[in-house]
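Notes follow once the structure below has been shown.
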Amino acid sequence: MQKLQNYNSIKILDCTLRDGGYYNNWKFSKELISDYLYSMKEAKLDWIEFGFRFPKSSNQKQSCAFASDELISSFNYSEKLNIGIMINASDFISDKDKGLKILKKIFISAKKSPVKLVRVACHLEEVKKSEFIFKFLLKNGYKVGINLMQISEKNDAEIKMFSRYIKQFSFEVVYFADSLGSLFPSEIKKIIRALKSHWKGEIGFHAHDNMGNALENSLTALREGATWIDTTVLGMGRGPGNVQTEYLLMNLQKKMKKKINLIPLLNTIDIHFQKLKAKYQWGKNPFYFLAGQNKIHPTFIQEMLSDSRYTN
């Protein structure tokens with residue numbers, strides 16, 4: 001088994017406030033966010049994703065659906081904790097001129113913003129159409145990541161073409177997401193090798209846990225040279241959820257130089273996230289497993305499970 005070249009080069013990005021919001025409409029209490037931020041600091045996480053920035057949600061100032069600079073700045077957090085947000089390319093690319101106007105409205109210069117990283121989520125066919133988004137954000141001083149969705153549906157040649165195209169950009173990191181939760185470790189290896197064919201920068205991985213492979217897939221990605229891994233507290237995320245922050249940290253802490261304090265995180269789970277999980281019931285189940293096997297998007301299953309009209 002291939003070993004990590006340098007455990008201390010790993011960057012863990014917790015995206016609970018973003019991916020977990022698919023269950024509670026991105027409405028997290030101030031108490032939860034405060035406790036969460038403290039627990040992330042004590043766990044020595046590198047990055048957190050404070051939420052999305054949906055243009056249509058710009059009036060929801062207290063929601064992580066529009067993680068405004070004002071909302072983020074209203075909390076006390078360690079300067080060592082880097083803040084990121086995500087946008088969906090599909091919100092901007094249907095009309096380039098209109099999309100650019102929206103970008104100018106919702107993003108100020110990075111020098112004046114608490115946000116350091118903006119990840120742009122897009123499908124492969126949307127990447128070239130999103131070029132003006134990348135250039136706008138980079139020009140305004142943001143670190144930019146691209147988050148390629150549903151990569152399980154793309155073949156080796158398509159991924160290599162993507163790798164060749166993106167090498168022109170100064171991306172902080174290029175992520176690929178197992179959106180359908182259908183990937184196995186052997187496929188993770190092939191995807192990373194295809195991404196590395198032309199892209200020589202950092203690679204990140206976002207796992208879904210449909211088939212119980214999120215942790216092993218994440219560790220495989222690290223062994224293959226990925227340096228960024230997404231996690232969520234107690235796995236809170238769309239559909240079956242993601243690799244659990246606490247489990248990945250427990251797995252890696254002895255191999256990293258950082259002195260990690262997991263007690264605040266475990267307390268935050270007990271106080272806040274166990275209640276949320278009891279209410280929203282995310283996590284693995286036979287239906288998500290079948291969805292992973294048959295490449296059905298987890299949102300479809302999540303909506304069916306929440307609809308009382310459907311029996312097993």
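Numbering starts at 1 and runs along the sequence shown.
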Does anything in residues 249-273 form a ring-ring contact (aromatic ring centres under 6.0 Å, His included)? List the pairs, not counting sequence neighbours.
none
Can you tell me how far apart [atom1] ([X]) and [atom2] ([Y]) are? Round to the nearest 0.5 Å.
X	Y	atom1	atom2	result
Leu17	Ile85	CG	CD1	12.5 Å
Lys44	Leu262	NZ	CG	10.5 Å
Gln253	Asn261	CD	CG	10.0 Å
Ile229	Tyr175	CD1	OH	7.0 Å
Ile10	Ile12	CD1	CD1	6.5 Å
Lys279	Trp282	NZ	CH2	11.0 Å

Under 3.5 Å donor-acceptor pairs involving side-chain atoms of residues 146-157, not counting sequence neighbours:
{"from": "Asn155", "atom 1": "OD1", "to": "Ala157", "atom 2": "N", "distance (Å)": "3.2"}
{"from": "Asn155", "atom 1": "OD1", "to": "Glu158", "atom 2": "N", "distance (Å)": "2.8"}
{"from": "Asp156", "atom 1": "OD2", "to": "Lys160", "atom 2": "NZ", "distance (Å)": "3.2"}

Do you reckon [X] sits in the same ILVMFWY cluster as [Y], going by side-chain contacts under 4.5 Å, direct or chained?
X	Y	answer
Val120	Phe66	yes
Ile191	Phe162	yes
Tyr38	Met236	no
Ile102	Ile133	yes
Leu124	Val173	no

Is a side-chain N or O of [X] found less than 3.5 angstrom from the main chain of [Y], in a donor-acceptor match?
X	Y	answer
Asp95	Asp97	yes
Thr16	Thr232	no
Lys200	Lys196	yes
Ser306	Glu303	yes
Glu187	Phe184	yes
Gln274	Ile271	no
Glu172	Leu117	no
Asp178	Leu183	yes
Ser34	Glu31	no
His208	Leu180	no

Of all heavy-atom pairs between [X] and [Y], which one has the smallest distance, and what is that distance?
X	Y	answer
Ile33	Cys64	CD1-SG, 4.2 Å
Leu45	Leu81	O-CD1, 3.6 Å
Ile192	Ala226	CD1-CB, 4.3 Å
Ser218	Val243	OG-CG1, 3.8 Å
Ala194	Ile159	CB-CG2, 3.6 Å
Tyr23	Gly237	CE1-O, 3.0 Å

In a table with atom names and distances, give each donor-acceptor pair under 3.5 Å that connects a side chain of residues 134-145 to protein atoms at least two apart or in another chain.
{"from": "Lys135", "atom 1": "NZ", "to": "Glu131", "atom 2": "OE2", "distance (Å)": "2.8"}
{"from": "Asn140", "atom 1": "ND2", "to": "Phe136", "atom 2": "O", "distance (Å)": "2.8"}
{"from": "Tyr142", "atom 1": "OH", "to": "Ile108", "atom 2": "O", "distance (Å)": "2.6"}

If the condition is salt bridge (Lys or Arg N to Asp or Glu O under 4.0 Å), which residues does Asp35 pass it with, not counting sequence neighbours?
none
Is [Y] close to [X] at the side-chain level, that is, under 4.5 Å between some pair of heavy atoms?
X	Y	value
Leu37	Lys41	no
Asp209	Leu215	no
Tyr247	Thr231	no
Phe132	Phe92	yes
Leu265	Leu249	yes
Ile269	Val233	yes

Identified salt bridge (charged side-chain N to carboxylate O under 4.0 Å, His left out) counterpart of Asp69 within the set Arg53, Lys112, Lys116, Lys111
Arg53
If you count every heavy atom of other residues, nucleotides or ligands that lies below 6.0 Å from Lys11 atom NZ, does the total exceed 12?
yes
Evaluate whether atom CZ of Phe75 has more than 12 neighbouring non-hydrogen atoms of other residues, nucleotides or ligands under 6.0 angstrom away.
yes
Partners meeting side chain to side chain contact (heavy atoms under 4.5 Å, CB included) with Asp307 (sequence neighbours left out):
Arg309, Tyr310
side-chain hydrogen bond (donor to acceptor under 3.5 Å, both in side chains) contacts in which one or both residues fall within residues 118-130, not counting sequence neighbours:
Glu49-Arg119, Arg119-Asp230, His123-Glu126
Step by step, work out the salt bridge (Lys or Arg N to Asp or Glu O under 4.0 Å) result for Asp91 and Lys98.
CA-CA 10 Å; Asp91 288 332; Lys98 185 178 178 181; over 6 Å; no
Per the ring pair (Phe, Tyr, Trp, His ring centres under 6.0 Å) rule, which among Trp47, Phe176, Phe205 passes with Trp228?
Trp47
Do the side chains of Arg223 and Glu216 get close enough for a salt bridge, i.e. N-O under 4.0 angstrom?
yes
Taking 4.0 angstrom as the limit, do Lys275 and Asp270 come out as a salt bridge?
no
Establish, from distance only, whether the side-chain atoms of His206 and Asp19 form a donor-acceptor pair under 3.5 Å.
yes
Distance-only donor-acceptor check, side chains Asp14 and Thr245, under 3.5 Å
yes
Check the pair Phe54, Trp26 against ring pair (Phe, Tyr, Trp, His ring centres under 6.0 Å), reporting the backbone distance first and the verdict last.
CA-CA 11 Å; Phe54 294 137; Trp26 294 277; 5.3 Å; yes
Phe169 and Phe171: aromatic ring centres closer than 6.0 Å?
yes
Check step by step if side-chain contact (heavy atoms from CB on, under 4.5 Å) holds for Tyr77 and Ile72.
CA-CA 9 Å; Tyr77 56 89; Ile72 296 168; 3.9 Å; yes
